[in-house]
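To start, the structure itself, in structure tokens.
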Amino acid sequence: MTLNEHELDSSTPDESSSEKMPGYERLWRLVLAVAIVGGPLGYYVGSALNSTVHENGSTSIAANAAANPIFNAVHLVAYVLASFLLPLGAVGLAYLTYARAPWPATIGGLLAVVGWLPFSALTALDDLMRAMAQLPDSGSYATLLDRFANDAVMGGYLLVYIVGHLVAYVLLAIALRRAGVIPSWAAWSMLASSPLTVAVFVLPGRPLVLGDVALTLLVIGSIPAARAMATRSRLSTP
């Protein structure tokens with residue numbers, strides 16, 4: 001048997017498995033592929049249109065009152081969509097790498113799901129600010145907003161959100177590269193999004209532009225993973 005014949009024979013099972021893939025498997029893989037890239041993309045769009053920097057109650061309400069109502073509504077819609085897609089996308093990334101990197105996939109996947117779940121509560125906080133800004137004498141609600149946004153419940157959500165998903169994408173990027181699912185540049189792009197996000201919180205002046213760069217890198221790094229989920233007839237195997 002020649003090399004070309006061997007390559008042809010070895011590729012035949014892949015093509016056969018692709019043709020015989022059940023419809024339900026195609027469906028959930030398509031959903032996960034959309035979630036893998038759609039979650040970060042929704043987050044990016046929502047952040048780009050978000051008028052609030054969450055400094056304090058009065059500043060946040062004033063920013064919402066002055067914001068373009070259409071842009072503000074689109075930002076909330078994008079965040080709501082992202083809040084559903086991001087945990088699903090994390091499951092998809094873990095699934096892609098589980099066979100060849102089970103521990104990073106398991107720990108990273110669990111941390112990502114837990115880390116993204118509070119995003120719904122943070123989105124609801126943005127909606128609360130917009131609702132307060134639309135009421136008469138909106139500035140009078142600043143103290144209530146501060147107490148709500150900084151209490152133990154919302155603080156706990158924020159802490160889990162920051163630690164969970166940022167550590168998760170480091171582990172998932174390593175697992176994706178180890179499994180050969182995405183190229184090196186995509187793994188580095190995904191991994192670099194985490195320290196850049198941390199820099200937004202720790203550097204003086206809160207350079208929000210770093211957050212935009214981090215989300216851009218996360219979207220770019222997620223595209224090859226979404227493509228692998230949607231198109232590979234065989235996912236990672238030992």
Side-chain angles (χ1 to χ4, degrees), residues 30-93 112-113 115-139 141-142 144-146 148-149 154 157-158 160-162 164-166 169 189-190 193-194 196-197 199-201 206-223 225-227 229-230:
L30 179 60
V31 169
L32 291 179
V34 170
I36 286 171
V37 72
L41 184 60
Y43 193 177
Y44 175 84
V45 172
S47 296
L49 299 177
N50 190 358
S51 61
T52 307
V53 294
H54 293 231
E55 289 186 358
N56 54 58
S58 59
T59 302
S60 298
I61 292 174
N64 270 274
N68 183 302
I70 296 177
F71 286 173
N72 217 9
V74 173
H75 126 248
L76 285 172
V77 170
Y79 272 6
V80 169
L81 290 175
S83 71
F84 288 102
L85 294 178
L86 287 166
L88 281 176
V91 172
L93 293 177
V113 170
W116 282 127
L117 287 177
F119 191 73
S120 295
L122 300 176
T123 300
L125 179 60
D126 279 9
D127 190 32
L128 177 62
M129 294 177 193
R130 186 181 70 127
M132 287 179 169
Q134 294 172 345
L135 293 173
D137 194 20
S138 58
Y141 299 103
L144 173 61
L145 180 59
D146 281 332
F148 178 76
M154 291 305 297
Y157 277 138
L158 183 61
V160 171
Y161 159 75
I162 292 173
H165 85 273
L166 293 183
Y169 276 97
S189 179
M190 186 179 293
S193 66
S194 289
L196 282 175
T197 303
V200 176
F201 292 93
R206 290 189 63 192
L208 297 179
V209 65
L210 291 181
D212 296 333
V213 174
L215 285 173
T216 301
L217 291 175
L218 184 57
V219 172
I220 292 172
S222 298
I223 292 173
R227 183 177 181 275
M229 176 62 76

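For the atom pair OH (Tyr169) and CH2 (Trp116), the distance works out to 5.5 Å, reported to the nearest 0.5 Å. Separation of atoms OG (Ser60) and CG (Leu125) is listed at 8.0 Å; rounding is to 0.5 Å. The OG atom of Ser194 sits 8.0 Å away from the CG atom of Leu218 when rounded to the nearest 0.5 Å.
Between Pro118 and Val160, the shortest heavy-atom distance links the atoms CG-CG1, 4.0 Å. Considering all non-hydrogen atoms of both residues, Ala230 and Ala33 come closest at CB-CB, 3.8 Å. Residues Leu32 and Leu88 approach most closely at CD2-O, 3.5 Å, considering heavy atoms. In terms of heavy-atom proximity, Ile36 sits nearest to Ala226 at CG2-N, 3.8 Å. Taking every heavy atom of both residues into account, Gly89 and Ala35 meet most closely at N-CB, 3.5 Å. Across all non-hydrogen atoms, the minimal contact from Ala112 to Ala90 is CB-CB, 3.3 Å.
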Exercise for the section: Might you work through the side chain to side chain contact (heavy atoms under 4.5 Å, CB included) test for Met190 and Leu217, ending with a clear yes or no? Expected result: CA-CA 6 Å; Met190 186 179 293; Leu217 291 175; over 6 Å; no

Handout entry: Chi angles and distances behind the side chain to side chain contact (heavy atoms under 4.5 Å, CB included) call for Leu86, His165
Key = CA-CA 10 Å; Leu86 287 166; His165 85 273; over 6 Å; no

Handout entry: Pair Leu122-Met154, side chain to side chain contact (heavy atoms under 4.5 Å, CB included): steps then yes or no
Key = CA-CA 8 Å; Leu122 300 176; Met154 291 305 297; 4.0 Å; yes

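Remark: Tyr44 pairs with no residue by the side-chain hydrogen bond (donor to acceptor under 3.5 Å, both in side chains) rule, at least two apart or across chains. Residues satisfying the side-chain contact (heavy atoms from CB on, under 4.5 Å) test with Thr197, not counting sequence neighbours, are Leu166, Phe201, Ala214. For Leu117, the side-chain contact (heavy atoms from CB on, under 4.5 Å) partners two or more places apart in sequence, or in a different chain, are Pro87, Val113. Applying the ring pair (Phe, Tyr, Trp, His ring centres under 6.0 Å) criterion to Tyr157, with sequence neighbours excluded, gives no partner residue.
By the neighbour-count criterion of 12 heavy atoms within 6.0 Å, atom OH of Tyr161 is densely surrounded, having more than that number from other residues, nucleotides or ligands.
Legend: side-chain hydrogen bond (donor to acceptor under 3.5 Å, both in side chains) pairs involving residues 209-223, not counting sequence neighbours: none detected.
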Considering only distance and modelled atom types, tabulate donor-acceptor pairs under 3.5 Å from the side chains of residues 71-79, sequence neighbours left out.
residue: Asn72; atom: OD1; partner: His75; partner atom: ND1; Å: 3.1
residue: Asn72; atom: ND2; partner: Asn64; partner atom: OD1; Å: 2.9
residue: His75; atom: ND1; partner: Asn72; partner atom: O; Å: 3.1
residue: His75; atom: NE2; partner: Asp126; partner atom: OD2; Å: 3.0
residue: Tyr79; atom: OH; partner: Ser47; partner atom: OG; Å: 2.8

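The backbone N or O of Leu215 lies less than 3.5 Å from no partner atom in the side chain of Ser193, so there is not a single donor-acceptor pair.
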